[in-house]
Amino acid sequence: MKLPSAKVVPTVVTVHGDPRVDNYFWLRDRRDPDVLRYLKAENRFTEAALKHLAPLRKKLYREILARIQQTDLSVPVRRDDYYYYTRTVRGKQYPLYCRKRGSEQAPEELLLDANALARGHDYFRLGHFSISPDHKLLAYSTDTKGDEAFIIRVKNLDTGKLLADKIPNAYYSLEWANDNRTFFYTVLDAAKRPHKVFRHTLGEKPDTLVYHEKDQRFALGVSRTRSRRFLLIEIGSAVTSEARYLSSDRPHGRFRVLLPRIQDVEYDVSDHGEFFYIRTNQDAKTFRLMRTPVAAPSPETWQEVLAARPNVNLEGVDTFRDHLIVWERENGLPKIRVERLESRRVHYIDFPEPAYSAAPAGNAEYNTDELRFTYSSLVTPDSVYDYNLETRERELKKRREVLGGYEPDRYRSERVFATAPDGVKIPISLIYRKGTPRDGTAPMLLNAYGSYGISSEPAFSSERLSLLDRGFICAIAHIRGGGELGKPWHDDGKLMNKRNTFTDFIACAEFLIRRKYTAAGAATIWLHVVRDTTGSVASASVDFDTRYEFSGPV
């Protein structure tokens, strides 16, 4: 078949006074018959070009599907006297939301069946799922159009009936106050930006506007601290943030500014006793931890709890009754710092593998000595651990089952470093099946992202096994523009430094070839191209060596 060719229709697009000619601007309109004809032609060409691979594609699909545990259960999360969890059932697309009271062996109570809610709709997504403090009401929201404008409903969990309350055009965040009658939520403007926070009291109308963010750079969210003492309005742009707080016991009070926003300063907040704990990048590119009195929060009363360190990015903070948990990332790998607040004793949770991912999970309780986290590596499937902060013992609560007899000992992971043209060391995470030749004959899938400060985690993928078992080596290049090595890593790969994202990627490919993980022509390289806010493809002028074969979105 002849390769389809999109027609050229020069269109001048002016952004910030800079006119540019976009020959393919017309492709943005999916309702245009010419756009539909062109897309269908591309699809027909793709099917014809890959027709000879149809048997292999079907085989790979069957392999991948056969590894998935379709009937499954999440690890129950304890909140007060209840254990909340989700179940998936073979043949059903959406989960069931359930709970048990008193113990994990108690009878199951079905709270919400997302499959029933989705019935009759071409699209369905659940947004909020928020239980009232007394566990008697469920506020949830649904989107059946795909525009992320949700409708909030409230369900009485004793009777199973819906209340009359119905709120349209809401966004993702919703939080209850401690009176069990009031919750706060965000709504969208015409540009789909969450710009207002409303207070809703059950059975009452109209809802009360409590905050309106008029600066179009900022979006809003609502949350509650783990102690349940404070409700928060979180206000943030790409580089600046601000928080406002209100006692959860006084929902009709006024939200107060915690720390006034300062351009290019980000912060978030937790509470413990008489202090707010603040993670901030003010005078600290890799973030530091401060605290300020709840009675009078102010930069003038800040006390430094944990100083910034050049090679350690402080990614998050969790406060519990007796412990302070700091989520760090050092040399691109996550670390969990545990401090007992009374004695100031500090230790780290150790992880043995060379490349892995770890993150908090389901820590709903404040008065506890247990920390729950997820762990995964290129070799180890997704795992949920409960870690005793006092005894330092960990309990594996669940490891995702990989059907078909997956044996992790058959595979090996590595973490190596390539040198970029400017001398910076770029981490690379690798996995391959043991016995795969290291003489340059192995094919390789090299993947990278490198934008928005998002980290490409070296996590497990059962789909990847179909490549590894066929002799592939899979690699993740942790290039600049991502967040693996903190904010400086992100900054070194954006705006005028964006070229580093691409040259880092090339340096990683050349390093892997020199070390004979693969060879020129044997590597399949995926480069993710990011669109800017206008929807146009962000351009970059980089000359790629013609030795490489590119496939996928290039």
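Because only heavy atoms are used, hydrogens play no part in the values below, and waters and symmetry mates are left out as well, while side chains stay in.
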Taking the side chain as every heavy atom from C-beta outward, state whether Leu111 and Glu109 have any pair of such atoms under 4.5 Å apart. yes
Around atom CD of Gln303, are there more than 12 heavy atoms from other residues, nucleotides or ligands closer than 6.0 Å? yes
Is the shortest side-chain heavy-atom distance between Leu306 and Arg337 below 4.5 Å? yes
Give a yes or no on whether the backbone of Pro360 and the side-chain of Arg372 come within a donor-acceptor separation of less than 3.5 Å. no
Show your working on salt bridge (Lys or Arg N to Asp or Glu O under 4.0 Å) between Arg309 and Glu330 and close with a plain yes or no. CA-CA 10 Å; Arg309 291 151 290 170; Glu330 184 173 10; over 6 Å; no
So does Asp158 have more than 12 non-hydrogen atoms from other groups sitting under 6.0 Å from CG? yes
So with a 6.0 Å cut-off around CD of Glu463, is the heavy-atom count from everything else above 12? yes
Are Tyr84 and Phe129 close enough, and set up right, to give a ring pair (Phe, Tyr, Trp, His ring centres under 6.0 Å), and what steps lead you there? CA-CA 11 Å; Tyr84 290 88; Phe129 183 91; 7.3 Å; no
Check step by step if salt bridge (Lys or Arg N to Asp or Glu O under 4.0 Å) holds for Glu390 and Arg340. CA-CA 9 Å; Glu390 290 293 321; Arg340 202 179 200 289; 2.6 Å; yes
Could you check if a side-chain atom of Phe218 sits within less than 4.5 angstrom of a side-chain atom of Arg261, using non-hydrogen atoms only? yes
Assess Arg291 against Phe275: is NZ or CZ under 6.0 Å from the centre of the six-membered ring, and within 45 degrees of the ring's axis? yes
Once you measure the plane-to-plane angle for Phe230 and Tyr245, does it fall in the parallel (<30°), tilted (30-60°) or perpendicular (>60°) bin? perpendicular
Should the pair Asp80-Arg228 be classified as a salt bridge under the 4.0 Å nitrogen-to-oxygen rule? yes
The side chain to side chain contact (heavy atoms under 4.5 Å, CB included) partners of Arg217 (sequence neighbours excluded) come to Asp215, Ser237, Gln263
Is Lys136 atom NZ crowded by more than 12 heavy atoms from other residues, nucleotides or ligands, each under 6.0 Å away? no
If the plane angle is over 60° it's perpendicular, under 30° parallel, otherwise tilted; pick one for Tyr277 and His272. perpendicular
Tyr211 and Phe255 aromatic centres sub-6.0 Å: no
Does some side-chain heavy atom of Asp369 sit less than 4.5 Å from a side-chain heavy atom of Arg321? yes
Is it true that, when you exclude Glu104 itself, more than 12 heavy atoms of the residues, nucleotides or ligands shown sit nearer than 6.0 Å to its CD? yes
Where do Asp491 and Lys494 land on the salt bridge (Lys or Arg N to Asp or Glu O under 4.0 Å) test, with the steps shown first? CA-CA 6 Å; Asp491 291 343; Lys494 72 175 186 179; 3.6 Å; yes
Enclosure of Arg399 CZ (heavy-atom neighbours >12, cutoff 6.0 Å): yes
Of the non-hydrogen atoms in Phe320 and Leu341, which two are nearest, and what is the gap between them? O-CD1, 4.3 Å
Give the minimum heavy-atom separation between Leu258 and Pro297, together with the two atoms involved. CD1-CB, 3.5 Å
Do Asp382 and Ser376 pair up side chain to side chain, a donor and an acceptor below 3.5 Å, judged on atom types alone? yes
Check the angle between the aromatic planes of Tyr385 and Phe373 and answer parallel, tilted or perpendicular using the 30° and 60° thresholds. parallel
How about Tyr185 and Asp207: does a side-chain donor come under 3.5 Å of a side-chain acceptor? yes
